J.: 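Provided herewith is a single structure, encoded as C-alpha cells, for subsequent inquiry.
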There are 2 protein chains.
Amino acid sequence: MLKYVLLGFLSYLPLTGYELEGWMNISTSNFWQAKLSQIYTTLKKLEEEGAVTSQIAPQEGRPDRRVYTITEAGLAELYEWQRTPILDLPQKKDALLVKVFFGLEAGKEAMLTQLRLQLDLHRRQQQHYAQQSFNDMQHILEDHPELVTNAILWDSTRRFGVMYEEMYIGWLQETIAMVEKTLPDDEKAK
Amino acid sequence: MLKYVLLGFLSYLPLTGYELEGWMNISTSNFWQAKLSQIYTTLKKLEEEGAVTSQIAPQEGRPDRRVYTITEAGLAELYEWQRTPILDLPQKKDALLVKVFFGLEAGKEAMLTQLRLQLDLHRRQQQHYAQQSFNDMQHILEDHPELVTNAILWDSTRRFGVMYEEMYIGWLQETIAMVEKTLPDDEKAK
DNA sequence: TCGCTCATGTAATGGGTTACATGATTCA
DNA sequence: TGAATCATGTAACCCATTACATGAGCGA
C-alpha cells in the first residue's frame with residue numbers, strides 16, 4: 001500500500017509529491033516503487049481522508065510547490081498499520097520465470113539470450129545496492145542527522161536488496177549451466 | 001501477464017478454467033498466481049481475441065465443464081512473447097520491508113513479533129518447495145509422460161523458490177539479531 | 001453435519017501504469 | 001542544442017482482488 005510509504009516519509013518531515021518520489025527512488029524502490037502520477041493521486045486521497053494537510057509554497061518560473069504535512073490522525077493510522085502483523089507471504093510476479101517455465105518451444109538459444117541479459121541486469125543491480133544505495137543513505141543523513149536511528153532499519157532493507165540480487169545471480173548462473181548442458185540444440189529453421 | 005501462463009498450459013493440453021487453477025497452484029504459484037475469477041475473465045477475453053476456443057462438456061449435478069483449446073493464432077502469440085527479451089528487472093512489492101523500513105516508532109517488540117512470524121512462514125514455504133512441489137511434479141509426469149522435457153525447466157523454477165526462501169530466511173535471522181542487539185528497548189506505556 | 005472438491009460465472013472496487021498537458025532552468 | 005531536473009496534475013485504461021450468486025457429491 002503506497003499510502004503507508006508516503007505517510008512513513010511524512011512522519012519524518014513535510015515533503016512535496018515530487019520530493020517523495022526522490023526519497024522513494026533512493027531508498028524504498030528496492031521493495032516498493034510508484035510513479036509520480038500515483039503519488040499525486042494518493043496524496044490527494046490522503047488529504048481528503050484527513051491524514052495529511054497541504055500548504056502551497058509559491059514559486060516563480062515553475063509550478064508552486066505543494067508541501068504535505070502529516071496530521072495526528074495520519075500518524076495514528078500509520079502506527080496502527082505498523083503494529084498489525086502480516087499473516088501471509090508476499091507474492092512474487094516474475095515474467096522471466098514464466099518464460100523459463102514455458103520456454104522449451106522457444107528454443108535453447110532464445111532462452112540463453114534471455115538469461116544472460118538478466119544476469120547482466122542483476123549484476124548491475126547488485127552493485128547498485130552494494131555501493132550507490134549506501135552512499136545515497138549517507139547523504140540523507142548529512143542533511144537529516146536526526147534520522148540516524150532510522151538508518152539502521154533502512155540499511156537492513158538495503159541488505160535485503162543485496163542478498164536478493166546475489167541469490168538471483170546464483171540461480172541464473174545455475175540455470176544457464178543447466179540449459180547449456182541439458183536442453184536439446186536448436187536445429188530447425190527460423 | 002496471466003494470459004501467457006494460461007496459453008502456456010493450454011499449449012500442453014486442453015483444460016478448463018478450474019483445472020488451470022489447479023496446474024498453477026502446484027507449479028507457477030511460486031512466481032505467478034491468480035484467482036479463479038481472473039482466470040475465467042481472462043479466458044473469455046482470450047476466446048474473443050481468437051487465441052483459444054472452447055467446447056462445452058455436459059455434466060450432471062454440477063455446471064457443465066468448459067474446455068479451452070489453444071488455436072494456431074494463440075500458439076503464435078505465445079511463441080512471439082516467449083522470444084521477446086525482457087529488458088528490465090522484475091519489481092518487488094513487499095509490505096514486510098515497508099514495516100521494517102519505517103518500524104522504529106512501532107517499537108522493538110512489535111518488530112520482533114513481525115519478523116519471527118514471517119520467519120516461521122518462510123521456513124514452511126521453503127519446506128514446501130523442497131518437498132511437496134517436487135512430489136506434485138512427479139505426479140503430473142505420471143499422468144503426462146510426454147511433458148518430461150518441460151519438467152527440467154519446471155524444476156529450475158522450483159529451485160528458484162527454494163533459493164528465494166533460503167535467502168529470505170537468512171535475511172530474517174540476520175535482521176532479528178540486529179534488532180535484538182541494536183534497537184532501543186520499549187519503555188513506554190501502551 | 002461440516003468442510004472440501006468440483007464447477008461456473010458476474011459486478012464492484014482498488015491499485016497501478018501510460019498517456020496527455022505544460023513549461024522554465026540548468027548543465028554539458 | 002539537447003537532455004536532465006524541477007514541478008504539477010488529469011484521464012483513460014489495465015490488471016487484479018473481493019464479494020456476490022449457486023449448488024451437488026463425498027468423505028471424516
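Here the structure is a predicted model, which is why all the values come from computation and not from measurement. First the proteins, then the strands, lettered A, B, ... as listed; each starts at 1.
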J.: When you match B/R66 and A/M1 each to their closest nucleotide on DNA chain C, which lands nearer the 5' end?
T.: B/R66
J.: How many whole angstroms separate atom CD of B/E48 from atom P of D/dC14?
T.: 13 Å
J.: Does A/K44 put a side-chain nitrogen or oxygen below 4.0 Å from OP1 or OP2 of D/dT10?
T.: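 Yes, A/K44 has a side-chain N/O under 4.0 Å of OP1/OP2 on D/dT10.
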J.: Expressed as a whole number of angstroms, how long is the span from A/Q59:CD to D/dT5:C1'?
T.: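 These atoms are roughly 12 Å apart.
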J.: If you define the side chain from C-beta out and look only at heavy atoms, does anything of A/K44 sit under 4.5 Å from A/E49?
T.: no
J.: In residues 7-31 of chain B, which residues come under 4.0 Å of DNA chain D by heavy atom?
T.: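 Heavy-atom contacts with DNA chain D come from no residue of residues 7-31 of chain B; none.
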J.: Which residues pass the side-chain hydrogen bond (donor to acceptor under 3.5 Å, both in side chains) test with A/D94, sequence neighbours left out?
T.: A/Y168
J.: Please verify the inter-ring angle class for B/F101 with A/F31; under 30° counts as parallel, over 60° as perpendicular, anything in between as tilted.
T.: tilted
J.: When you look at B/N135 and B/Q131, which way does the side chain to side chain donor-acceptor pair (under 3.5 Å) test go after all the steps?
T.: CA-CA 6 Å; B/N135 291 337; B/Q131 291 161 14; over 6 Å; no
J.: List, one per line, each side-chain donor-acceptor pair under 3.5 Å for residues 74-87 of chain A, sequence neighbours excluded.
T.:
{"from": "A/E77", "atom 1": "OE2", "to": "A/K3", "atom 2": "NZ", "distance (Å)": "2.7"}
{"from": "A/Q82", "atom 1": "NE2", "to": "B/F102", "atom 2": "O", "distance (Å)": "3.4"}
{"from": "A/T84", "atom 1": "OG1", "to": "A/E80", "atom 2": "O", "distance (Å)": "2.8"}

J.: Please state whether the phosphate of D/dA7, meaning OP1 or OP2, lies under 4.0 angstrom from any side-chain nitrogen or oxygen of A/R65.
T.: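 For A/R65, the contact criterion (side-chain N or O under 4.0 Å from OP1 or OP2 of D/dA7) is met.
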J.: End-to-end bend of the helix from C/dT1-D/dA28 to C/dA28-D/dT1 (five-pair axes, 10° rounding)?
T.: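 Taking the rotation axis at each end, their angle is 50°.
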J.: Going by the angle between their ring planes, with limits at 30° and 60°, are A/F9 and A/Y12 parallel, tilted or perpendicular?
T.: perpendicular
J.: So, B/R158 and B/D155, do they make that salt bridge, N to O below 4.0 Å?
T.: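 Yes, B/R158 and B/D155 are salt-bridged.
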J.: Specify the separation, in whole Å, of atom CD of A/E49 and atom P of C/dG14.
T.: 11 Å
J.: Using the test salt bridge (Lys or Arg N to Asp or Glu O under 4.0 Å), find all partners of A/E109 that sit at least two apart in sequence or belong to another chain.
T.: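 Scan of A/E109 (salt bridge (Lys or Arg N to Asp or Glu O under 4.0 Å), adjacent residues dropped) gives none.
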J.: From NZ of B/K45 over to P of D/dC13, roughly how many Å is that when rounded to an integer?
T.: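 After rounding, the gap between these two atoms is 14 Å.
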J.: In whole angstrom, give the distance that lies between atom CG of A/L46 and atom P of C/dG15.
T.: 11 Å
J.: Below 4.5 Å, heavy atoms only, C-beta onward: do A/T28 and A/W154 meet side chain to side chain?
T.: no
J.: Does a side-chain N or O of A/Y40 approach OP1 or OP2 of D/dT8 to a distance below 4.0 Å, or not?
T.: yes
J.: Any chance you could list the contact pattern along nucleotides 17-28 of chain C? Use B for base contacts, S for sugar-phosphate-only contacts and - for none, protein heavy atoms under 4.0 Å, 5' to 3'.
T.: BBB----SS---
J.: Do we see a donor-acceptor contact under 3.5 Å between the side chains of B/T53 and B/Q55?
T.: yes
J.: How many whole angstroms separate atom CG of B/L43 from atom P of C/dT8?
T.: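 Rounded to whole Å, this separation is 9 Å.
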J.: Rounding to an integer number of Å, can you tell me how far B/I39 CD1 sits from C/dT8 P?
T.: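 About 11 Å, once rounded to whole Å.
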J.: Can you confirm whether B/T16 sits close enough to B/Y68 that some side-chain heavy atom of one is under 4.5 Å from a side-chain heavy atom of the other?
T.: no
